[in-house]
Amino acid sequence: MAPLNLPVGQTSITVRVQPVVLFSICDAYIRRNEGKARVIGTLLGSISDGVVDIRECYAVPHNESMDQVHLRVDTTLTNNKLDVVAYVARHLTLGDRSTSLAQEFQQVPCEVRTVEVERLGIELLQNEVTEKLPSEAENLQTAIGRLQLALNKASQYVDDVVSGRRKGDINVGRYLADTCAAVPYIRKEDFEQLLQDNTQDALLVMYLANLVRAHVALADKLGTAALPIL
């Protein structure tokens with residue numbers, strides 16, 4: 001067994017705290033929820049030449065309980081994957097004593113559930129090299145492509161069940177039925193007109209935004225902001 005090495009002597013780090021930090025901590029403690037014995041927060045400041053200068057702080061809302069969950073996120077994206085591991089803290093006691101001697105972190109199952117927009121952002125973060133962020137049109141094109149792929153898979157599944165090539169699953173059938181019932185029925189002509197109107201509105205907003213942006217840039221070049229916008 002390796003020997004236990006303990007640091008000897010004083011550290012060279014010095015901490016300086018602004019009075020506003022102390023006032024903020026006291027204020028957060030006074031305003032704490034009933035039944036809480038302490039408050040938890042974050043300190044803001046800078047470190048220079050071994051001096052920690054704490055200038056601000058803010059309280060973090062939290063709820064302490066026996067089932068505290070801790071997340072460990074692999075920020076290095078090993079194997080181009082965002083791994084998330086969850087742990088639950090358990091108190092260790094000796095015999096029948098209720099006093100906690102230590103805490104043990106036990107790994108529990110963890111699942112990352114995202115919607116379509118969030119999934120696009122996660123996949124973008126997992127890319128090693130990103131030259132530019134995708135535009136709204138590119139995101140819409142990607143989302144429509146995935147929707148088309150999902151519809152093709154669902155249609156193929158229904159065709160296989162109806163023709164007897166595949167045994168149907170009652171849970172999948174109910175899920176597809178609920179999904180179809182949640183989508184309102186719109187005629188093809190009405191849908192095309194609605195899509196065209198929304199597209200024209202979006203193009204008009206983009207035109208006005210570019211016009212205002214050009215006006216601001218021109219006003220900045222001329223050194224005045226008194227020019228009329230329109």
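Computed from heavy atoms alone, side chains included, the values below leave out hydrogens, waters and symmetry copies. Every value quoted in this text rests on a predicted model; they were computed, and no experiment measured them.
- Within the 3.5 Å criterion, the main-chain N or O of Phe23 finds no donor-acceptor partner in the side chain of Asp27.
- Within the structure, every pair that satisfies the salt bridge (charged side-chain N to carboxylate O under 4.0 Å, His left out) test and touches residues 163-185, not counting sequence neighbours, is listed here: Asp160-Arg165.
- Between Cys57 and Val21 the shortest heavy-atom distance is SG-O, 3.7 Å.
- Arg146 pairs with exactly one of Thr142, Ile144, Leu149 by the side-chain contact (heavy atoms from CB on, under 4.5 Å) rule, that one being Thr142.
- Taking the side chain as every heavy atom from C-beta outward, Lys188 and Phe191 never approach each other to under 4.5 Å.
- Distance CD/Gln200 to CG/Leu195: 10.0 Å, rounded to 0.5 Å.
- Counting non-hydrogen atoms of neighbouring residues, nucleotides and ligands closer than 6.0 angstrom, the CG atom of Leu203 exceeds 12 such neighbours.
- Looking at residues two or more places apart in sequence or on another chain, you find a side-chain contact (heavy atoms from CB on, under 4.5 Å) between Arg187 and Tyr185, Glu189, Asp190.
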| message | Applying side-chain hydrogen bond (donor to acceptor under 3.5 Å, both in side chains) to Asn152 and Gln148, what does each step give before you reach the verdict? | response | CA-CA 6 Å; Asn152 292 336; Gln148 183 65 35; 3.2 Å; yes
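- Residues passing the side-chain contact (heavy atoms from CB on, under 4.5 Å) test with Gln141: none are found, sequence neighbours excluded.
- Within 6.0 Å of atom CZ in Arg16, 12 or fewer heavy atoms from other residues, nucleotides or ligands are found, so the atom counts as exposed in its surroundings.
- In the hydrophobic cluster analysis, where Ile, Leu, Val, Met, Phe, Trp and Tyr join through side-chain heavy atoms closer than 4.5 angstrom, Leu147 is grouped apart from Leu194.
- Remark: the backbone N or O of Tyr175 is paired with a side-chain donor or acceptor of Thr179 at under 3.5 angstrom.
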Can you give me every donor-acceptor pair (side chain of residues 204-214, partner residue at least two apart or in another chain, under 3.5 Å) with its distance?
from: Asn210; atom 1: OD1; to: Arg213; atom 2: NH1; distance (Å): 2.6
from: Asn210; atom 1: ND2; to: Met206; atom 2: O; distance (Å): 3.1

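- No more than 12 heavy atoms of other residues, nucleotides or ligands lie within 6.0 Å of CD in Glu56, so this atom counts as exposed by the packing criterion.
- Counting heavy atoms from C-beta outward, Val88 and Gln107 have side chains that stay 4.5 Å or more apart.
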| query | Passes side-chain contact (heavy atoms from CB on, under 4.5 Å), Val17 versus Leu22? Steps please. | reply | CA-CA 8 Å; Val17 182; Leu22 304 178; 3.9 Å; yes
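- Tyr157 belongs to a hydrophobic cluster with Val158, Val161, Val162, Val172, Leu176, counting contacts under 4.5 Å between side-chain heavy atoms of Ile, Leu, Val, Met, Phe, Trp and Tyr, direct or through other members.
- The cluster map of Ile, Leu, Val, Met, Phe, Trp and Tyr, joined by side-chain heavy atoms under 4.5 Å apart, puts Val15 and Leu44 in different clusters.
- Both Val20 and Leu43 are part of a single hydrophobic cluster, where members link through side-chain heavy atoms under 4.5 Å apart.
- Scored by the ring-ring contact (aromatic ring centres under 6.0 Å, His included) test, Phe105 finds His70 as partners (sequence neighbours excluded).
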| Could you go step by step and tell me if Thr42 and Tyr58 meet the side-chain contact (heavy atoms from CB on, under 4.5 Å) rule? | CA-CA 6 Å; Thr42 300; Tyr58 63 91; 3.7 Å; yes
